[in-house]
Structure formats: structure tokens, C-alpha cells
2 protein chains.
Amino acid sequence: MSKNIRIVIIEDDQIIREGYTLLIGQTEGYAVVNSYESFDDAAKTITDDNPDVILLDIELPGTNGIQAIPRLKRLLPHTYILILTVYESEKTIFEALANGASGYLTKNTPATRIVDSIREVKDGGGPMSVNIARMVIKSFQRNQESPLSKRETQILEQIAEGKSRSLIARDLFIDLETVRSHIKNIYLKLDVNSRADAIKTAKENKLI
Amino acid sequence: MSKNIRIVIIEDDQIIREGYTLLIGQTEGYAVVNSYESFDDAAKTITDDNPDVILLDIELPGTNGIQAIPRLKRLLPHTYILILTVYESEKTIFEALANGASGYLTKNTPATRIVDSIREVKDGGGPMSVNIARMVIKSFQRNQESPLSKRETQILEQIAEGKSRSLIARDLFIDLETVRSHIKNIYLKLDVNSRADAIKTAKENKLI
DNA sequence: TCAAAATCCCCCCAATAGGGTGATATCTCG
DNA sequence: CGAGATATCACCCTATTGGGGGGATTTTGA
């Protein structure tokens, strides 16, 4: 026995919604069990749909897609959420992922890729459009041209972990005064004069 | 005129290295300009190869792949690095990406996907194997069952930004003593008694 | 060989962190 | 409705910290 993957679509544009429904419904092994034009609409009955995967748009009337994610998660803890949107701003992407989305596709994604991604999400993958994946990877990467030396960077990291000077000194097997000295240089280079500002500046410039 | 994508392979296993060379060399538009069995070996002449993309293994004799990334970046600032390895530990993956890798594929990746990924990397994408992508996405996600209340989470975030109690109080428009009180509750719930430990525990459990 | 980096040392003092022990108002959920 | 969680504020204490000064020496890398 082969069970279909149960899919719900939340998308306000009727044309797109029906397009996806048709596309996915045609595909062997996939079943669109319901579709809604807003989260507020979906919230009432979506638990009865018992979907495996929800295709979710970001721009929705009322509750937007980002806000909808944690609520959907609460309604359906074991359902995967796949974002399908035109939004490509970094903020939106990271919010969506942080809120619990399992994948993020932009709307120019080819039909076959969408269908594949639904399967992928259900199999524990994390499908992303190429440009999204690039942004995600970039978010991990440090600034290569940091003004800070290795040691300074290392110490700044520990500061960002909330460690006191003495703890840092102990953990790095150096003197308390050395830590102090490094911190002074860090402040000089970053043109700040407090831990909070140093961390802020460092994060903004991806130094840590 | 169509220019080939210039590729260099750094991989210690001869069989695999020759396999990739053959596979990629056969493909229209791709040229393997050189291959090495270690970074230390490659370092001497790789700048002459002038590659667009480097396929890099993690487990290498001498300098390992992770350490090799920043050095390759220094030698060839405009070259993309694509990791191709059996390693799937979270630590390795995030280190590789943080060090400047543009993509991360595991060795069970189908041949066609490898070839596609090279193109993708050159076009500004960030190819990842499905399981890698899942880990990367998961790394963005918070623990849904945090013991901390919203306010406590918010305050813990500010602590992780290096802010002092008084700064937090000012920014949240609450009394210094209230901040204190929240922090005490955070410490209670996390069973810690310092900022550093709170941040550590919180990060381990993805509470922030 | 020469500059940058890393290491260590001293002064000062206000601010901070963390421990203890409370109170009160609101909110939420069964 | 009522218990428990949450958010707010108060005052006690003291050791530690953080940041601003001023320096010096050694190690390292290009």
C-alpha cells in the first residue's frame, strides 16, 4: 500500500493556488487535501485536513505567513511547512526558518522542483532555491578582512559568550592583564567602549 | 565563445580523484585543470591553475580540508570552494561554511548532481546535500518547548548581546530590579548562576 | 629586520553581578 | 473560580568586574 502525501496550500492568489493544486494533484503519490486563501481561514479546519506538508505563502491577508508558521506548528506539530513566495529579503527568510519552516522556495521555482521539494521535506530534507541557499550559506561566513587578529577574534567570541575577563584568562591559559590588553585593542580597532557595542559591531560586520 | 569552468580537485583517494576527473572532464563546458592529493601539495602551484571552482575533500593528509579553506581563499580570493566529503558531523559542516565554503555535498551525491552543483556554485548558488540542508535549516530553529517565558527569552537575548542590566532595563522600559528579577528566574530555570553559563545552556538548547 | 601580535604589569574607582528575601498585579488555563 | 505562572518593583549585602589610564617584553611572520 502506498499512501499519498497529504498537502494543504495556503495562498491568497486564486490563480496560483489553483495552479499548484492542479500541478500537484496530477502527480502520482501527492494529494492536495485542501487549500485556503489565508491563515485565518485555514486555522478553523486545517487540523481536520491532517496534512503532511503545508505550502505556505508569505504575503497573506490578515495573519501573514511568517506569523502563521508558529501557529500552524502548534496546531499541527508534526506537519512540515514549505514556504513558497516571491519574498527574498534576508530578514524574511531567516525569520521564516527560525519560526520553523522546513524549506524555502521562491515562486520562479520550476514545477518539477516544487514537487520534488515536497517529497524532500517529508523525507527530512531542507529544500531551498539556489539564491536562498546562497544567502543562508553566506550568513555562516565571516568577514575575511577583519581588522582583528586571531587572538582578538577569539577573545571577542568569548566575550559574546558572556564570559568575564578572568574566565577568559583561565580558559585561554593567559594572564588576566593580557585579556584586558586584548580587549582594549579590540575596542580601539572597533571604535567602541563597551562589551555590548563590541558585540554589536562585530556581528554587524560578521567578525564573529 | 564559451569558456569552460576551470576545476581543481583536492582529494587524497586516487580512485575517487580519477573518478571525478573523468566524470567532470567528460561533461561539456567543464574542464578539470589539475588535481592534487593534499592541500600542502596543491598550495605550491594551484594559483597557476587559476580555477573557478575547487572540489575539496575534508579528510586529507597534512592540512585538512577545513584548515585548507581559508588558505585557499587567500591564494585564490575569487575561487569558489565546494566541499565533497563523507563527513556529516554538524561541527564539520558549520566550520566549513564559516571558513568560506560555498557548498557542501556528501559523497553519496549522484554524479549529475555534482556536475550541476559546480555550475550552481559558479552562478552564485549554494548547493547542499539534502541532509546537510536540513541540518543547516535546523540550526536556525529555536526549541519550541523552551522553559523560558517570552520576556525571559527576550532578556536572555540581550544578555547574550553583552548588555548590562541597566542597559536592558533602559531598552525595555522596565525597572532595573525587574530585569534582575527576570535574570534570577532565568538562572533558576536553567539551573545556572552566571551569564556565561546561561548563554551556554541557552545556546545548547537553542533557546536563543 | 621590522612591524604587528601576543604577552604581562601597575594605577584608579564607579558600576556590575549575583545572593538573599520579600511584595503585588495580571494573566492564563483547566 | 482558583492555582500557578508571569511581570513588575523593592532593599539588603559584598566581591568582582569593567573600563580608563600608563607602561614593558617577547614572539612571530612577512
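Here is the naming used below: chain letters follow the sequence lines, and residue numbers restart at 1 for every chain.
- Residue B:H182 is the one, among B:H182 and A:G162, whose nearest nucleotide of DNA chain D lies closer to the 5' end (criterion: closest heavy atom).
- Taking only side-chain nitrogens and oxygens, A:K150 never comes nearer than 4.0 Å to OP1 or OP2 of D:dT27.
- Here the side chain of A:R195 is nearest to one of D:dG18, C:dT7, D:dT6, namely D:dG18.
- In this model, a side-chain donor or acceptor of A:K184 finds a partner on the base of D:dG21 within 3.5 Å.
- Listed nucleotides C:dG20, D:dC11, D:dA7 differ in distance to B:E177; the shortest reach to its side chain belongs to D:dC11.
- Environment of CG in B:D191: sparse, with no more than 12 heavy atoms of neighbouring residues, nucleotides or ligands closer than 6.0 Å.
- In this structure, of C:dT21, C:dA6, D:dT6, it is D:dT6 that holds the atom nearest to the side chain of B:S149.
- Using a 4.0 Å heavy-atom cutoff across all strands shown, B:S164 reaches sugar-phosphate atoms only and no base atom.
- Picking from C:dC8, D:dC9, D:dG19 the nucleotide with the shortest atom distance to the side chain of A:N193 gives D:dG19.
- Look at B:K163 and you won't find any side-chain N or O under 4.0 angstrom from OP1 or OP2 of C:dA17.
- Within the 4.0 angstrom heavy-atom criterion, base atoms lie near B:R165.
- Nearest heavy-atom pair across A:R195 and A:Y187 is N-OH, 3.1 Å.
- A sub-4.0 Å separation between OP1 or OP2 of C:dT16 and a side-chain N or O of B:S166 is present.
- Remark on the helix from C:dT1-D:dA30 to C:dG30-D:dC1: inter-end axis angle 90°, axes from five-pair C1' superpositions, rounded to 10°.
- Across all strands, B:S181 comes closer than 4.0 Å to base atoms (heavy-atom distances).
- Summarising the geometry, the separation between CZ on A:R180 and C1' on D:dG18 is reported as 7 Å, rounded to the nearest angstrom.
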